Amino acid sequence: MGTLIAYSSTLGCTEQCVSRLKGDLGPGVDLYRISRRRKINFSKYRTVIIGGSIHEGMIQRAVRSFCETNLKELLKVEVGLFICCVDPGENEDELLKEVFPDKLLGHALAKSYFGGELNFKKMNLMQKIMTRKKERLEVMPEIDFDRILAFAERLQERNA
Ligand SMILES: Cc1cc2nc3c(=O)[nH]c(=O)nc-3n(C[C@H](O)[C@H](O)[C@H](O)COP(=O)(O)O)c2cc1C
């Protein structure tokens, strides 16, 4: 039985993380971009990983609604949850609690924050204005590839 990574990415950073995670997990991983409407056959999967990025304090609505609509099915499989963003605040766990349903969070085997990037080249004017303050950050935020690997290893440990 395989692994499904269901994700949403507004400007491509989460997609990049997903591609790295797929590589770290090895064979048997399917990808599903949540914005595309397709029925998932959950019986094919032992593990379902769900991730998205934070915009104005919230994860994509499609990610939230994917979790809520499929909650019953998701509670029957092994679950991993992750977020991408540039400023998770003092406590990443608090942010995870805000964006994923409590029941799913309690059920998840692995939860993580993968860092993020500010991809100004891909932003429209509105997005540039909204992230202007972050543009003045001293250190540009980056994807944390070590955390992606640790997340993959945690799921593999549990699957061994
Ligand atoms: C309009 C906009 C709003 C954002 N708001 C937040 C935010 O509230 N908190 C945060 O930590 N990062 C915020 N970010 C940064 C994104 O989470 C970060 O760029 C992430 O890597 C984007 O992933 P994606 O390309 O997969 O959508 C924002 C980015 C944009 C463009």
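We number each residue from 1, following the sequence as shown. Remember, it's 1-based here, ligands and their atoms both numbered in the order they're listed. Note that this is a predicted model, so its numbers are computed, not measured.
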N/O to N/O below 3.5 Å, does that happen between [X] and ligand 1?
| X | answer |
| --- | --- |
| His55 | yes |
| Pro88 | no |
| Glu56 | yes |
| Gly12 | yes |

Let's go through Asp30 and Tyr45 carefully: what are the C-alpha distance in whole Å and the side-chain angles of both, what is the deciding distance for side-chain hydrogen bond (donor to acceptor under 3.5 Å, both in side chains) to 0.1 Å, and is it a yes or a no? CA-CA 9 Å; Asp30 293 341; Tyr45 301 107; 2.5 Å; yes
Of all the atoms in ligand 1, which lie at a distance below 4.0 Å from a heavy atom belonging to Gly57?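 Per the distance check, 7 (C), 8 (O).
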State the atoms of ligand 1, each with its element, that fall below the 4.0 Å cut-off from a heavy-atom position in Leu11.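 Within the 4.0 Å cut-off of Leu11, ligand 1 contributes 24 (P), 25 (O), 27 (O), 31 (C).
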Side chain, backbone, both or neither: [X] near ligand 1, heavy atoms under 4.0 Å:
| X | answer |
| --- | --- |
| Glu117 | backbone |
| Ser53 | side chain |
| Val86 | both |

Between the candidates Leu118, Ile54, Leu95, Thr131, which shows the shortest non-hydrogen contact distance to atom 16 (C) of ligand 1?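 Ranked by closest heavy atom to atom 16 (C) of ligand 1, first place is Ile54.
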Phe145 and Phe114: ring-ring contact (aromatic ring centres under 6.0 Å, His included), yes or no, with the steps? CA-CA 7 Å; Phe145 293 108; Phe114 287 172; 9.5 Å; no
Please check if the number of heavy atoms outside Asn41 that lie under 6.0 Å from its CG is greater than 12.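 Buried by this count: over 12 neighbours within 6.0 Å.
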Tell me whether Lys111 is salt-bridged to Glu92, with the criterion being a basic N under 4.0 Å from an acidic carboxylate O.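 Salt bridge: no.
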